[in-house]
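Throughout, residue positions are numbered sequentially from 1 according to the sequence presented.
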Amino acid sequence: MLKNMRFRQVHLDFHTSPAIPSVGEKFFKEQFAEALKRGHVNSITIFSKCHHGYSYHPTEVNEIHPGLKFDLLGAELEVCRELNVNAPVYISAGLDEKEAVRHREWLNMPAPNATANYLNDAHYHLLCYNTPYMDLLIAQIEEVMQKYNPMGIFLDISAVRTCYCQNCLASMRAMGLDPHNPADVHTHGEKVYNDYCAKVEKAVHKYNPDATIFHNAGNIARGRRDQAYQDTHLELESLPTGGWGYDHFPMSAAYVRNLGMEYLGMTGKFHTTWGEFGGFKHPNALRYETALSIALGAKCSIGDQLHPSGEMNLSTYDLIGKAYAEVEQKEPWCAGAKNISDIAVLSAEAVNLTGDRNSKPDIGCCRMLLEGKYLFDLIDLETPFDDYKMVILPDTVHVDEALAKRLNAFTAKGGKLIATGKSGLKPDESAFAIDLGAQYDGKNEFRPSYMVPGDQTVMINGKTSYVMYTEAANITPAADAEVFAYLAEPYFNRTPEHFCSHQHTPDKPGSRRPEAVYHGNTAYIGWSIFEDYATKGSLCLKELFLNVMKRLVDADKSVTVEGLPDRGVVTLTKQDDKNRMTAHLLFAHTSLRGANIEVIEDIVPLYDVKISVKVPAEPKSVRLVPCGTDLAFTYENGTVTTTVPKLELHAMVEIAF
């Protein structure tokens, strides 16, 4: 599946209304080329057909945009080939507003009584792949492949859909499925999507068997490798200012790097998100975002939007160039590099197959590990545990017989295990499926409850009662288990009949019961602490978790860092063919703007960041790259230690053997 993707891509949106005249009148090949050069761009996704449904080239199977008088796509491709710039071609697959207006019978119907409002709503309408629209789409793909032979096709707005249109109702019944059964409707949606992917693959590879294919849905569903493998590579859409936030991409990359596929980290030049004309980030934001991509094993993609006139905005490409000039210098230490991870987080989304990129147990766990400077992967059930030092089951990971067998084998060999909330329970939640040093006695009746740390747990605010907002378990510790946190119950739950104060009832004296235990090389915490951290972010949650991590795994950590704040990120990669490891250190100061948009502007330098790395042999040299500055280091007991004198956004420490 590896396709040797380029490191410096732009995704050039061009969704242009048919009401706009003189489309492309200011497109000049020289100006287009100048923009790509200024931006240090070596790959750019350009448009065949947009969401409005029109083509940007002469066509026999579709309609050229009414305001366009020449072959814009062909002209762009000509420039790209002259400059040796890759140019995958974009085709909007799920949206075609021109056809949605003409053929309401082709619309996706997500509910039996769904309707489309063409009078008051200014937005696109989803189309169903189980209608004659599919034949039109395949014809459009084949035409592009025949006429232009691009190196790849990018299909947008493509995902499994629930649909109750007449075509879907008829084919469900023909398959013996019940349209009244939501599970059957979903099964049918999966079949429609798989048929679509198969037809696209045939249409593309009939003309160019080496062409890349990517179906974009804005999320790579964890636990659905079958869907990911419909693509030749992955593009991880993650615009921090567009609703994803700055810790979404690390979580997404932590999952896909186990799939054996190349992947791009897709951000945007916009202040907000897609479709924003005249919106610009500070260059430091793009410098950080692209550095984060390569530190997490990804190539880079930056979203832009071409003006209807066809003139490239050179301010945009000067902005992009500030980031991509640095990426270009750093590429030798990233090409073919593999990320090293100590910890496997068994994704709650993957196990429960929710398809929810906002899975709170996953988000909270990954956020704590990032802030705690741990190297981790987010895995599904197909990933072996053998190469990890610890497995974490976040909040809602039920354990069946097959998973119990794997986990028991892992811990029997010395592997560490942490489970929280309902994780570790059998699917029917009757009892723990694995030995966690406690008996499960059902869920606690109070929510919220309170956590009281044990004597050995260090909290910055001391030993007191800390509010815990999620559901808790009732447990009975085993005789040889060690209790490290207790649950204190409130006087009562808040109801109209009895409530106290503005939020919830305080803890009732004398109501303590064991709630978190160590047992050998395992730990169990009865609250869903990761969901709680994703929604509330209370310090006590992270303190509780990181104290467990410190006890169970810190002695075996591959990397230890001092002087890197909670928003800092550390990763470690290796290039076996070059006999070197590279530690990436990143830190950016983020601020909130407007209605909860997180931005990066100022560089806040850090000084004397100390890093220790477990290595297979004594290094020959340690230096900052790409600048080549040698660093003094010590080597003792398989660990190399050095200090980065100054960190500005991103530092790369090469350890050569």
Side-chain angles (χ1 to χ4, degrees), residues 15 49-53 90-118 121 123-141 153-203 213-231 234-235 237 243 274 349-350 352-359:
H15 302 293
K49 187 191 83 169
C50 75
H51 292 343
H52 291 279
Y90 177 106
I91 296 175
S92 181
L95 301 174
D96 186 322
E97 193 62 14
K98 165 175 54 64
E99 301 303 331
V101 171
R102 295 172 179 173
H103 295 282
R104 294 188 63 154
E105 72 277 13
W106 293 359
L107 292 179
N108 170 263
M109 302 288 284
N113 60 347
T115 59
N117 184 342
Y118 292 97
D121 292 345
H123 64 76
Y124 308 110
H125 297 82
L126 275 171
L127 294 166
C128 176
Y129 294 148
N130 195 37
T131 67
Y133 169 68
M134 189 65 210
D135 298 327
L136 175 61
L137 177 61
I138 293 299
Q140 293 166 353
I141 295 170
I153 295 290
F154 183 105
L155 288 306
D156 205 5
I157 320 298
S158 297
V160 175
R161 311 276 184 204
T162 294
C163 187
Y164 292 85
C165 76
Q166 288 301 317
N167 288 60
C168 286
L169 292 176
S171 59
M172 274 188 260
R173 292 180 176 121
M175 292 170 59
L177 299 174
D178 180 6
H180 295 282
N181 183 340
D184 280 3
V185 177
H186 181 77
T187 296
H188 181 262
E190 295 256 357
K191 181 183 184 303
V192 169
Y193 180 74
N194 288 336
D195 289 348
Y196 148 82
C197 289
K199 291 175 182 177
V200 167
E201 193 275 335
K202 182 179 179 181
I213 300 172
F214 180 66
H215 304 277
N216 185 49
N219 181 49
I220 308 301
R222 295 187 281 278
R224 293 304 307 266
R225 294 193 181 202
D226 57 328
Q227 292 179 7
Y229 292 157
Q230 304 278 18
D231 304 306
L234 300 174
E235 304 195 23
E237 189 175 356
W274 298 107
E349 178 195 339
N352 299 317
L353 295 178
T354 62
D356 178 14
R357 80 176 187 202
N358 295 313
S359 168

| said: For a 4.5 angstrom cut-off between non-hydrogen side-chain atoms, does Ser158 reach Tyr129? | reply: yes
| task | Decide side-chain hydrogen bond (donor to acceptor under 3.5 Å, both in side chains) for His215 and Tyr193; before the verdict, give the C-alpha distance in whole Å, the side-chain angles of both, and the deciding distance to 0.1 Å. | result | CA-CA 11 Å; His215 304 277; Tyr193 180 74; 4.7 Å; no
| said: Could you go through Ile141 and Leu155, starting from their C-alpha distance and side-chain angles, then the distance that decides it, and tell me whether this counts as side-chain contact (heavy atoms from CB on, under 4.5 Å)? | reply: CA-CA 10 Å; Ile141 295 170; Leu155 288 306; 3.9 Å; yes
| request: Give a yes or no answer on whether the side chain of Lys49 reaches the backbone of Ser92 with a donor-acceptor pair at less than 3.5 Å. | output: yes
| remark: Between the NE2 atom in His15 and the CD atom in Glu97, the distance rounded to the nearest 0.5 Å is 12.5 Å
| query | Using 30° and 60° as the class limits, which term best fits the ring planes of His51 and Tyr124: parallel, tilted or perpendicular? | reply | perpendicular
| Going through the distances and angles, do Arg224 and Val160 end up as a side-chain contact (heavy atoms from CB on, under 4.5 Å)? | CA-CA 11 Å; Arg224 293 304 307 266; Val160 175; 5.7 Å; no
| said: Suppose we call two aromatic rings close when their centres sit under 6.0 Å apart. Are His125 and His123 close by that rule? | reply: yes
| request: Using the six-membered ring wherever Trp is involved, compare the ring planes of Trp106 and His103 and label them parallel, tilted or perpendicular (cut-offs 30° and 60°). | output: parallel
| Are Asp195 and Lys191 ion-paired here, with the side-chain N under 4.0 Å from a carboxylate O? | yes
| request: State the CG-CZ distance between Leu127 and Arg104, to the nearest 0.5 angstrom. | output: 12.5 Å
| Is the backbone N or O of Asn130 less than 3.5 Å from a side-chain atom of Asn167, with the two atoms forming a donor-acceptor pair by type? | yes
| request: First locate atom CG of Asp96, then atom CD1 of Ile91, and finally report the distance between them rounded to the nearest 0.5 Å. | output: 11.0 Å
| task | Kindly say whether Gly94 contributes a backbone atom to a donor-acceptor pair with the side chain of Asp156 at under 3.5 angstrom? | result | no
| task | Spell out, as yes or no, whether a donor-acceptor pair under 3.5 Å connects the side chain of Asp184 to the backbone of Asp178. | result | yes
| query | Between atom CD of Glu99 and atom CG of Leu137, what is the distance when rounded to the nearest 0.5 Å? | reply | 11.0 Å
| request: Would you name the heavy atoms of Val185 and Pro179 that are closest together and state the gap between them? | output: CG2-O, 3.4 Å
| request: Compare every heavy atom of Leu126 with every heavy atom of Arg161, then report the nearest pair and how far apart it is. | output: NH2-CD2, 3.6 Å
